[in-house]
Amino acid sequence: MAKSDATHFDDYPEQTRVKHSILRMYLPAYLNIIKTYNDKMLFLDGFAGRGSYDDQNSGNEVPGSPLLALELIASSQDTASKVHTAFIEPRNDHFQRLEHSVNNFVKSRGLVLDPWLVNAEFCETIAPILRDIDEKEHELIPTFLFIDPCGVDDVDMSIIANILRRPKCEAFIFFNMSAVSRIAGLLQTNNNTPSLNKIYGSDDRVEILRNTLPYQADAVAREQLIVDTYLDAIRNQGEAEYVVPFRVEYRDRRATSHYLIHATKHALGFKIMKHVMWEAARNEAGQEGRMELRQASAGDLSSQMRTDLVQMEQDIVNYLNSHGRSLVRLFCSDWVERPSDFFSEAAYKRKLLDMEQRGVVRVIAKDGSGPKPSSSRMKRKGQPTLANDYFVELIT
Ligand SMILES: C[S@@+](CC[C@H](N)C(=O)[O-])C[C@H]1O[C@@H](n2cnc3c(N)ncnc32)[C@H](O)[C@@H]1O
(Lines give C-alpha, C1' and ligand atoms only; values in the text may rest on other atoms or scores of the structure.)
Protein backbone atom coordinates (compact mmCIF):
# COMPACT_ATOMS: atom_id res chain seq x y z
CA MET A 1 0.00 0.00 0.00
CA ALA A 2 1.19 3.51 -0.76
CA LYS A 3 2.62 5.53 2.14
CA SER A 4 -0.05 8.21 1.80
CA ASP A 5 -2.87 5.67 2.28
CA ALA A 6 -2.61 6.33 6.04
CA THR A 7 -2.89 10.13 5.90
CA HIS A 8 -4.89 10.61 2.72
CA PHE A 9 -8.13 11.41 4.53
CA ASP A 10 -6.71 13.98 6.96
CA ASP A 11 -7.36 16.82 4.54
CA TYR A 12 -9.75 17.64 1.71
CA PRO A 13 -7.75 19.50 -0.93
CA GLU A 14 -9.10 21.16 -4.05
CA GLN A 15 -8.05 18.28 -6.28
CA THR A 16 -10.11 15.81 -4.25
CA ARG A 17 -13.05 18.19 -4.25
CA VAL A 18 -12.85 18.43 -8.06
CA LYS A 19 -12.53 14.64 -8.41
CA HIS A 20 -15.66 14.20 -6.29
CA SER A 21 -17.51 16.91 -8.14
CA ILE A 22 -16.80 15.13 -11.46
CA LEU A 23 -18.05 11.86 -9.98
CA ARG A 24 -21.10 13.57 -8.49
CA MET A 25 -22.03 15.16 -11.82
CA TYR A 26 -21.34 12.16 -14.04
CA LEU A 27 -22.53 9.13 -12.07
CA PRO A 28 -26.26 10.07 -12.08
CA ALA A 29 -26.10 10.65 -15.85
CA TYR A 30 -24.59 7.18 -16.39
CA LEU A 31 -27.05 5.46 -14.04
CA ASN A 32 -30.06 7.26 -15.50
CA ILE A 33 -29.15 6.22 -19.04
CA ILE A 34 -28.36 2.60 -18.13
CA LYS A 35 -31.39 2.12 -15.89
CA THR A 36 -33.73 2.70 -18.83
CA TYR A 37 -32.80 -0.71 -20.23
CA ASN A 38 -31.45 -2.56 -17.20
CA ASP A 39 -32.85 -3.64 -13.86
CA LYS A 40 -29.45 -4.14 -12.29
CA MET A 41 -26.33 -1.98 -12.26
CA LEU A 42 -23.21 -1.84 -10.14
CA PHE A 43 -21.11 0.98 -8.71
CA LEU A 44 -17.79 -0.74 -8.03
CA ASP A 45 -15.55 1.37 -5.81
CA GLY A 46 -12.28 -0.57 -6.10
CA PHE A 47 -10.26 1.68 -3.76
CA ALA A 48 -13.04 2.87 -1.49
CA GLY A 49 -11.12 4.44 1.38
CA ARG A 50 -12.62 5.13 4.78
CA GLY A 51 -15.83 6.84 3.69
CA SER A 52 -15.12 10.43 4.71
CA TYR A 53 -12.48 13.17 4.74
CA ASP A 54 -11.55 15.72 7.41
CA ASP A 55 -11.81 19.12 5.79
CA GLN A 56 -9.23 21.26 7.62
CA ASN A 57 -10.73 24.48 6.23
CA SER A 58 -14.27 24.02 7.45
CA GLY A 59 -13.54 21.61 10.30
CA ASN A 60 -16.27 19.36 8.85
CA GLU A 61 -16.33 15.76 7.73
CA VAL A 62 -16.86 15.52 3.99
CA PRO A 63 -18.25 12.38 2.33
CA GLY A 64 -15.82 10.27 0.32
CA SER A 65 -16.77 8.36 -2.81
CA PRO A 66 -18.75 5.57 -1.06
CA LEU A 67 -21.13 7.93 0.75
CA LEU A 68 -21.27 10.30 -2.17
CA ALA A 69 -22.34 7.44 -4.47
CA LEU A 70 -24.84 6.03 -1.97
CA GLU A 71 -26.39 9.48 -1.54
CA LEU A 72 -26.82 9.83 -5.32
CA ILE A 73 -28.21 6.32 -5.67
CA ALA A 74 -30.65 6.81 -2.77
CA SER A 75 -31.92 10.08 -4.21
CA SER A 76 -34.23 8.34 -6.69
CA GLN A 77 -36.47 5.33 -6.15
CA ASP A 78 -35.40 3.92 -9.51
CA THR A 79 -31.67 3.94 -8.85
CA ALA A 80 -32.15 2.95 -5.21
CA SER A 81 -33.91 -0.24 -6.29
CA LYS A 82 -31.61 -1.07 -9.22
CA VAL A 83 -28.06 -0.05 -8.35
CA HIS A 84 -25.87 -2.43 -6.38
CA THR A 85 -22.71 -1.13 -4.72
CA ALA A 86 -19.41 -2.76 -3.82
CA PHE A 87 -16.75 -1.05 -1.71
CA ILE A 88 -13.27 -2.56 -1.47
CA GLU A 89 -10.74 -1.41 1.13
CA PRO A 90 -7.84 -3.53 2.48
CA ARG A 91 -6.65 -1.37 5.40
CA ASN A 92 -8.33 -2.47 8.60
CA ASP A 93 -8.49 1.01 10.13
CA HIS A 94 -10.04 2.53 7.02
CA PHE A 95 -12.32 -0.46 6.53
CA GLN A 96 -13.76 -0.21 10.04
CA ARG A 97 -14.65 3.44 9.53
CA LEU A 98 -16.00 2.69 6.07
CA GLU A 99 -18.17 -0.12 7.37
CA HIS A 100 -19.45 2.06 10.18
CA SER A 101 -20.42 4.99 7.96
CA VAL A 102 -21.94 2.83 5.21
CA ASN A 103 -23.98 0.84 7.73
CA ASN A 104 -25.13 4.08 9.37
CA PHE A 105 -26.19 5.41 6.00
CA VAL A 106 -28.17 2.26 5.20
CA LYS A 107 -29.77 2.27 8.66
CA SER A 108 -30.80 5.91 8.49
CA ARG A 109 -31.87 6.00 4.83
CA GLY A 110 -32.92 2.38 4.40
CA LEU A 111 -33.48 2.96 0.70
CA VAL A 112 -30.54 1.42 -1.10
CA LEU A 113 -29.81 -2.23 -1.85
CA ASP A 114 -27.42 -3.73 0.72
CA PRO A 115 -23.88 -2.59 -0.13
CA TRP A 116 -21.17 -5.24 -0.44
CA LEU A 117 -18.24 -4.29 1.80
CA VAL A 118 -14.95 -6.11 1.27
CA ASN A 119 -11.92 -5.86 3.54
CA ALA A 120 -9.35 -6.97 0.94
CA GLU A 121 -7.34 -5.79 -2.04
CA PHE A 122 -8.97 -4.88 -5.33
CA CYS A 123 -7.45 -7.45 -7.71
CA GLU A 124 -7.60 -10.42 -5.35
CA THR A 125 -11.30 -9.62 -4.84
CA ILE A 126 -12.34 -9.00 -8.43
CA ALA A 127 -10.20 -11.45 -10.46
CA PRO A 128 -11.92 -14.64 -9.16
CA ILE A 129 -15.36 -13.04 -9.61
CA LEU A 130 -14.64 -12.26 -13.25
CA ARG A 131 -13.29 -15.79 -13.77
CA ASP A 132 -16.41 -17.26 -12.20
CA ILE A 133 -18.70 -15.11 -14.35
CA ASP A 134 -16.88 -16.29 -17.47
CA GLU A 135 -16.82 -19.95 -16.46
CA LYS A 136 -20.56 -19.90 -15.86
CA GLU A 137 -21.06 -17.91 -19.05
CA HIS A 138 -22.89 -15.24 -17.09
CA GLU A 139 -22.69 -11.53 -17.82
CA LEU A 140 -21.41 -8.81 -15.55
CA ILE A 141 -24.20 -6.32 -14.91
CA PRO A 142 -23.48 -2.81 -16.29
CA THR A 143 -20.74 -1.55 -14.01
CA PHE A 144 -19.24 1.83 -13.26
CA LEU A 145 -15.74 1.06 -12.03
CA PHE A 146 -13.96 3.66 -9.90
CA ILE A 147 -10.20 3.10 -9.60
CA ASP A 148 -8.92 5.63 -7.09
CA PRO A 149 -5.64 4.53 -5.51
CA CYS A 150 -3.16 6.74 -3.65
CA GLY A 151 -0.26 5.14 -5.49
CA VAL A 152 -0.10 2.56 -8.27
CA ASP A 153 -0.23 -0.72 -6.34
CA ASP A 154 -2.88 -3.10 -7.62
CA VAL A 155 -3.78 -0.89 -10.58
CA ASP A 156 -3.91 -3.75 -13.03
CA MET A 157 -4.79 -3.08 -16.66
CA SER A 158 -5.85 -6.68 -17.24
CA ILE A 159 -8.62 -6.35 -14.63
CA ILE A 160 -9.66 -2.83 -15.66
CA ALA A 161 -9.79 -3.84 -19.33
CA ASN A 162 -11.58 -7.07 -18.52
CA ILE A 163 -14.43 -5.04 -16.97
CA LEU A 164 -14.35 -2.25 -19.55
CA ARG A 165 -14.74 -4.68 -22.45
CA ARG A 166 -18.07 -5.89 -21.12
CA PRO A 167 -21.33 -4.31 -22.31
CA LYS A 168 -22.25 -0.92 -20.82
CA CYS A 169 -19.30 -0.91 -18.41
CA GLU A 170 -17.25 2.24 -17.87
CA ALA A 171 -14.25 3.22 -15.78
CA PHE A 172 -13.09 6.38 -14.02
CA ILE A 173 -9.40 6.03 -13.17
CA PHE A 174 -6.94 8.02 -11.08
CA PHE A 175 -3.66 7.71 -13.01
CA ASN A 176 -0.82 8.64 -10.70
CA MET A 177 1.46 10.45 -13.13
CA SER A 178 4.19 11.29 -10.66
CA ALA A 179 4.47 7.68 -9.44
CA VAL A 180 4.39 6.21 -12.95
CA SER A 181 7.00 8.74 -14.13
CA ARG A 182 9.26 7.76 -11.27
CA ILE A 183 9.05 4.07 -12.16
CA ALA A 184 9.40 4.82 -15.88
CA GLY A 185 12.52 6.84 -15.06
CA LEU A 186 14.13 3.61 -13.84
CA LEU A 187 13.47 1.76 -17.09
CA GLN A 188 16.95 2.37 -18.47
CA THR A 189 18.70 0.85 -15.49
CA ASN A 190 16.19 -1.77 -14.41
CA ASN A 191 14.99 -4.55 -16.68
CA ASN A 192 12.56 -5.88 -14.16
CA THR A 193 9.59 -3.54 -13.74
CA PRO A 194 6.63 -5.77 -12.90
CA SER A 195 4.52 -2.91 -11.54
CA LEU A 196 4.80 -1.01 -14.83
CA ASN A 197 3.93 -4.11 -16.84
CA LYS A 198 0.83 -4.53 -14.69
CA ILE A 199 -0.18 -0.88 -15.04
CA TYR A 200 0.24 -0.93 -18.82
CA GLY A 201 -1.11 -4.45 -19.25
CA SER A 202 1.62 -5.69 -21.58
CA ASP A 203 5.38 -6.16 -21.66
CA ASP A 204 5.42 -4.79 -25.21
CA ARG A 205 4.04 -1.41 -24.19
CA VAL A 206 6.65 -1.10 -21.46
CA GLU A 207 9.35 -2.12 -23.96
CA ILE A 208 8.21 0.65 -26.30
CA LEU A 209 8.37 3.12 -23.41
CA ARG A 210 11.86 1.87 -22.52
CA ASN A 211 13.03 2.39 -26.10
CA THR A 212 11.36 5.73 -26.83
CA LEU A 213 11.39 7.69 -23.56
CA PRO A 214 15.12 8.59 -23.74
CA TYR A 215 14.58 10.21 -27.14
CA GLN A 216 11.85 12.63 -26.05
CA ALA A 217 12.87 16.27 -26.24
CA ASP A 218 11.92 17.27 -22.70
CA ALA A 219 9.93 16.40 -19.57
CA VAL A 220 6.67 17.56 -21.17
CA ALA A 221 7.15 15.22 -24.14
CA ARG A 222 8.10 12.35 -21.80
CA GLU A 223 4.96 12.89 -19.75
CA GLN A 224 2.83 13.03 -22.88
CA LEU A 225 4.28 9.72 -24.06
CA ILE A 226 3.68 8.09 -20.66
CA VAL A 227 0.05 9.16 -20.51
CA ASP A 228 -0.67 8.59 -24.22
CA THR A 229 0.67 5.04 -23.96
CA TYR A 230 -1.67 4.46 -21.04
CA LEU A 231 -4.66 5.90 -22.92
CA ASP A 232 -3.83 3.65 -25.88
CA ALA A 233 -3.70 0.65 -23.56
CA ILE A 234 -7.19 1.45 -22.29
CA ARG A 235 -8.48 1.96 -25.83
CA ASN A 236 -6.96 -1.23 -27.20
CA GLN A 237 -7.14 -3.64 -24.31
CA GLY A 238 -10.37 -2.25 -22.85
CA GLU A 239 -11.92 -1.79 -26.30
CA ALA A 240 -13.14 1.62 -25.16
CA GLU A 241 -13.11 3.98 -28.10
CA TYR A 242 -13.70 7.09 -26.02
CA VAL A 243 -11.05 7.88 -23.45
CA VAL A 244 -10.71 11.34 -21.97
CA PRO A 245 -7.90 12.53 -19.65
CA PHE A 246 -8.28 15.40 -17.18
CA ARG A 247 -4.91 16.69 -15.99
CA VAL A 248 -4.43 17.75 -12.37
CA GLU A 249 -1.49 19.91 -11.41
CA TYR A 250 0.13 20.03 -7.97
CA ARG A 251 -0.86 22.86 -5.64
CA ASP A 252 2.73 23.92 -5.07
CA ARG A 253 4.60 22.70 -8.16
CA ARG A 254 4.18 23.43 -11.87
CA ALA A 255 4.04 19.74 -12.69
CA THR A 256 1.41 17.06 -13.16
CA SER A 257 0.24 15.23 -10.09
CA HIS A 258 -2.20 12.88 -11.83
CA TYR A 259 -4.78 12.41 -14.53
CA LEU A 260 -8.42 11.51 -14.02
CA ILE A 261 -9.28 9.28 -16.95
CA HIS A 262 -12.73 8.27 -18.10
CA ALA A 263 -13.23 5.40 -20.52
CA THR A 264 -16.39 4.33 -22.30
CA LYS A 265 -17.49 2.61 -25.48
CA HIS A 266 -20.29 5.13 -25.99
CA ALA A 267 -20.17 8.57 -27.57
CA LEU A 268 -22.92 9.86 -25.29
CA GLY A 269 -20.98 9.01 -22.13
CA PHE A 270 -17.89 10.65 -23.63
CA LYS A 271 -19.83 13.83 -24.45
CA ILE A 272 -21.36 14.05 -21.00
CA MET A 273 -18.06 13.38 -19.21
CA LYS A 274 -16.26 16.02 -21.29
CA HIS A 275 -18.96 18.51 -20.35
CA VAL A 276 -18.66 17.60 -16.67
CA MET A 277 -14.84 17.83 -16.65
CA TRP A 278 -14.75 21.04 -18.67
CA GLU A 279 -17.29 22.73 -16.41
CA ALA A 280 -15.53 21.50 -13.25
CA ALA A 281 -12.40 23.38 -14.31
CA ARG A 282 -14.47 26.32 -15.55
CA ASN A 283 -16.02 26.89 -12.16
CA GLU A 284 -12.64 26.84 -10.49
CA ALA A 285 -11.03 29.34 -12.82
CA GLY A 286 -14.06 31.59 -13.29
CA GLN A 287 -13.21 31.57 -16.98
CA GLU A 288 -13.55 29.19 -19.94
CA GLY A 289 -13.07 25.58 -18.86
CA ARG A 290 -10.30 23.23 -19.83
CA MET A 291 -9.43 19.57 -19.47
CA GLU A 292 -7.22 20.27 -16.51
CA LEU A 293 -7.11 21.68 -13.02
CA ARG A 294 -4.32 24.22 -12.87
CA GLN A 295 -3.24 24.99 -9.35
CA ALA A 296 0.39 26.13 -8.99
CA SER A 297 0.36 27.82 -12.40
CA ALA A 298 -3.23 29.11 -12.24
CA GLY A 299 -2.16 32.76 -12.09
CA ASP A 300 0.59 32.48 -14.73
CA LEU A 301 0.30 34.37 -18.00
CA SER A 302 0.68 31.05 -19.84
CA SER A 303 -2.50 29.87 -18.12
CA GLN A 304 -4.44 32.92 -19.30
CA MET A 305 -3.27 32.54 -22.90
CA ARG A 306 -5.61 29.95 -24.36
CA THR A 307 -3.84 28.61 -27.42
CA ASP A 308 -6.28 25.68 -27.38
CA LEU A 309 -9.24 28.05 -27.83
CA VAL A 310 -7.39 29.97 -30.54
CA GLN A 311 -6.85 26.65 -32.33
CA MET A 312 -10.53 25.76 -31.89
CA GLU A 313 -11.56 29.02 -33.57
CA GLN A 314 -9.05 28.48 -36.34
CA ASP A 315 -10.45 25.00 -37.01
CA ILE A 316 -14.00 26.39 -37.20
CA VAL A 317 -12.92 29.21 -39.52
CA ASN A 318 -11.00 26.79 -41.76
CA TYR A 319 -14.01 24.51 -41.98
CA LEU A 320 -16.44 27.32 -42.80
CA ASN A 321 -13.97 28.68 -45.31
CA SER A 322 -13.85 25.45 -47.25
CA HIS A 323 -17.43 24.20 -46.72
CA GLY A 324 -19.43 27.42 -46.43
CA ARG A 325 -22.57 27.75 -44.30
CA SER A 326 -22.82 24.87 -41.81
CA LEU A 327 -25.20 23.66 -39.15
CA VAL A 328 -24.30 24.53 -35.56
CA ARG A 329 -24.85 20.82 -34.88
CA LEU A 330 -21.78 19.94 -36.91
CA PHE A 331 -19.47 21.62 -34.38
CA CYS A 332 -21.51 21.16 -31.21
CA SER A 333 -22.42 17.52 -31.75
CA ASP A 334 -20.54 15.81 -34.59
CA TRP A 335 -17.17 17.30 -33.69
CA VAL A 336 -17.76 16.74 -29.98
CA GLU A 337 -18.20 13.02 -30.71
CA ARG A 338 -14.79 12.70 -32.36
CA PRO A 339 -12.75 10.53 -29.98
CA SER A 340 -9.71 12.80 -30.32
CA ASP A 341 -11.66 16.02 -29.65
CA PHE A 342 -11.45 17.10 -26.00
CA PHE A 343 -13.65 20.21 -26.20
CA SER A 344 -17.15 20.05 -24.76
CA GLU A 345 -20.39 20.90 -26.54
CA ALA A 346 -20.87 23.98 -24.35
CA ALA A 347 -17.33 25.16 -25.11
CA TYR A 348 -18.03 25.00 -28.87
CA LYS A 349 -21.30 26.83 -28.36
CA ARG A 350 -19.70 29.59 -26.29
CA LYS A 351 -16.97 29.92 -28.92
CA LEU A 352 -19.52 30.30 -31.75
CA LEU A 353 -21.47 32.88 -29.74
CA ASP A 354 -18.25 34.74 -29.05
CA MET A 355 -17.33 34.65 -32.75
CA GLU A 356 -20.78 35.99 -33.58
CA GLN A 357 -20.40 38.81 -31.08
CA ARG A 358 -17.00 39.74 -32.54
CA GLY A 359 -18.43 39.76 -36.07
CA VAL A 360 -16.47 36.71 -37.28
CA VAL A 361 -19.57 34.62 -38.06
CA ARG A 362 -23.27 35.31 -38.50
CA VAL A 363 -26.11 33.02 -37.47
CA ILE A 364 -28.63 32.00 -40.13
CA ALA A 365 -32.27 31.00 -39.50
CA LYS A 366 -33.17 27.32 -39.25
CA ASP A 367 -34.89 27.38 -42.66
CA GLY A 368 -31.84 29.05 -44.18
CA SER A 369 -33.91 32.09 -45.17
CA GLY A 370 -31.57 34.73 -43.77
CA PRO A 371 -29.69 36.11 -40.76
CA LYS A 372 -31.01 35.41 -37.29
CA PRO A 373 -29.18 37.88 -35.06
CA SER A 374 -28.80 37.21 -31.35
CA SER A 375 -31.38 39.91 -30.52
CA SER A 376 -34.09 37.84 -32.23
CA ARG A 377 -33.17 34.53 -30.61
CA MET A 378 -34.17 33.03 -27.28
CA LYS A 379 -32.24 34.22 -24.24
CA ARG A 380 -31.19 32.25 -21.19
CA LYS A 381 -30.18 34.21 -18.10
CA GLY A 382 -30.05 37.27 -20.34
CA GLN A 383 -27.57 35.62 -22.73
CA PRO A 384 -28.36 34.67 -26.35
CA THR A 385 -28.72 30.95 -27.08
CA LEU A 386 -27.68 29.03 -30.16
CA ALA A 387 -29.72 25.95 -31.07
CA ASN A 388 -28.08 23.13 -33.01
CA ASP A 389 -30.41 23.55 -35.99
CA TYR A 390 -29.32 27.12 -36.78
CA PHE A 391 -26.62 27.64 -39.39
CA VAL A 392 -23.44 29.69 -39.09
CA GLU A 393 -21.40 31.26 -41.86
CA LEU A 394 -18.29 33.42 -42.04
CA ILE A 395 -18.69 37.17 -42.44
CA THR A 396 -16.27 37.97 -45.22
C1 LIG B 1 -7.40 7.75 -2.61
S2 LIG B 1 -7.97 6.67 -1.40
C3 LIG B 1 -9.62 6.36 -1.91
C4 LIG B 1 -10.52 7.51 -1.76
C5 LIG B 1 -11.96 7.22 -2.08
N6 LIG B 1 -12.10 6.63 -3.41
C7 LIG B 1 -12.78 8.47 -2.01
O8 LIG B 1 -12.90 9.19 -3.01
O9 LIG B 1 -13.31 8.73 -0.93
C10 LIG B 1 -7.21 5.14 -1.78
C11 LIG B 1 -7.60 4.00 -0.88
O12 LIG B 1 -7.18 2.77 -1.49
C13 LIG B 1 -6.80 1.89 -0.47
N14 LIG B 1 -5.95 0.83 -1.07
C15 LIG B 1 -4.61 0.71 -1.04
N16 LIG B 1 -4.23 -0.42 -1.68
C17 LIG B 1 -5.36 -0.99 -2.15
C18 LIG B 1 -5.63 -2.17 -2.90
N19 LIG B 1 -4.66 -2.98 -3.31
N20 LIG B 1 -6.91 -2.47 -3.21
C21 LIG B 1 -7.92 -1.65 -2.82
N22 LIG B 1 -7.72 -0.51 -2.10
C23 LIG B 1 -6.46 -0.19 -1.77
C24 LIG B 1 -6.10 2.76 0.52
O25 LIG B 1 -6.04 2.16 1.80
C26 LIG B 1 -6.95 4.03 0.49
O27 LIG B 1 -7.92 3.99 1.48
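Values in this document were obtained by computation on a predicted structure and should not be read as measured data. FYI, the numbering just counts along the sequence from 1. Just so you know, ligand 1 is whichever comes first in the structure, and atom 1 is the first atom listed for that ligand.
At least one N or O atom of Asp148 sits closer than 3.5 Å to an N or O atom of ligand 1. On a distance-only criterion, Asp154 and ligand 1 share at least one N/O pair closer than 3.5 Å. At under 3.5 Å, not a single nitrogen or oxygen of His8, backbone or side chain, sits near a nitrogen or oxygen of ligand 1. Note: an N/O pair closer than 3.5 Å links Phe122 and ligand 1 by distance alone. Considering backbone and side-chain N/O atoms, Glu89 comes within less than 3.5 Å of an N/O atom of ligand 1. Remark: ligand 1 and Pro66 share no N or O pair separated by less than 3.5 Å (distance only, no angle test).
At a cut-off of 3.5 Å, with distance as the only test, a side-chain donor of Ser178 or Tyr250 sits close to an acceptor on the other residue. Gln237 and Ser202 share no donor-acceptor pair across their side chains, judged by distance under 3.5 Å alone. Between the side chains of Asp367 and Ser369, at least one donor N or O lies within less than 3.5 Å of an accepting N or O.
Below 4.0 Å from some heavy atom of Gly46 lie the following atoms of ligand 1, by number and element: 21 (C), 22 (N). The contact set between ligand 1 and Phe146, taken as ligand atoms under 4.0 Å from a residue heavy atom, comprises 6 (N). Near Arg91, meaning under 4.0 Å from one of its heavy atoms, ligand 1 places the atoms 25 (O). Near Gly64, with a cut-off below 4.0 Å to any heavy atom, the atoms of ligand 1 are 9 (O). Atom numbering of ligand 1 starts at 1 in the shown order; those under 4.0 Å from a heavy atom of Ala48 are 5 (C), 6 (N), 9 (O). Atoms of ligand 1 found under 4.0 Å from any heavy atom of His20, numbered from 1 in the order shown, are 7 (C), 8 (O), 9 (O). For ligand 1, the atoms closer than 4.0 angstrom to any heavy atom of Cys150 are 1 (C), 2 (S), 10 (C). Numbered from 1 in the order shown, with element, the atoms of ligand 1 that lie under 4.0 Å from a heavy atom of Gly49 read 27 (O).
The aromatic rings of Phe144 and Phe172 sit tilted, their planes meeting at an angle between 30° and 60°. Ring pair Tyr319/Phe331 is perpendicular by interplanar angle, where above 60° counts as perpendicular and below 30° as parallel.
Between His8 and Tyr53, the ring centre distance stays below 6.0 Å. A centroid separation of less than 6.0 Å is found between the aromatic rings of Phe343 and Tyr348.
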Item to check | Full working for salt bridge (charged side-chain N to carboxylate O under 4.0 Å, His left out) between Glu313 and Lys351 | outcome: CA-CA 7 Å; Glu313 177 161 339; Lys351 172 55 81 182; 3.3 Å; yes
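The existence of a salt bridge linking Arg235 and Asp232 is confirmed by a sub-4.0 Å separation between a basic side-chain nitrogen and an acidic carboxylate oxygen. A salt bridge does not link Lys265 to Glu239: none of the charged side-chain nitrogens sits closer than 4.0 Å to a carboxylate oxygen.
Taking a 4.0 Å cut-off on heavy atoms, Tyr53 registers as neighbouring ligand 1.
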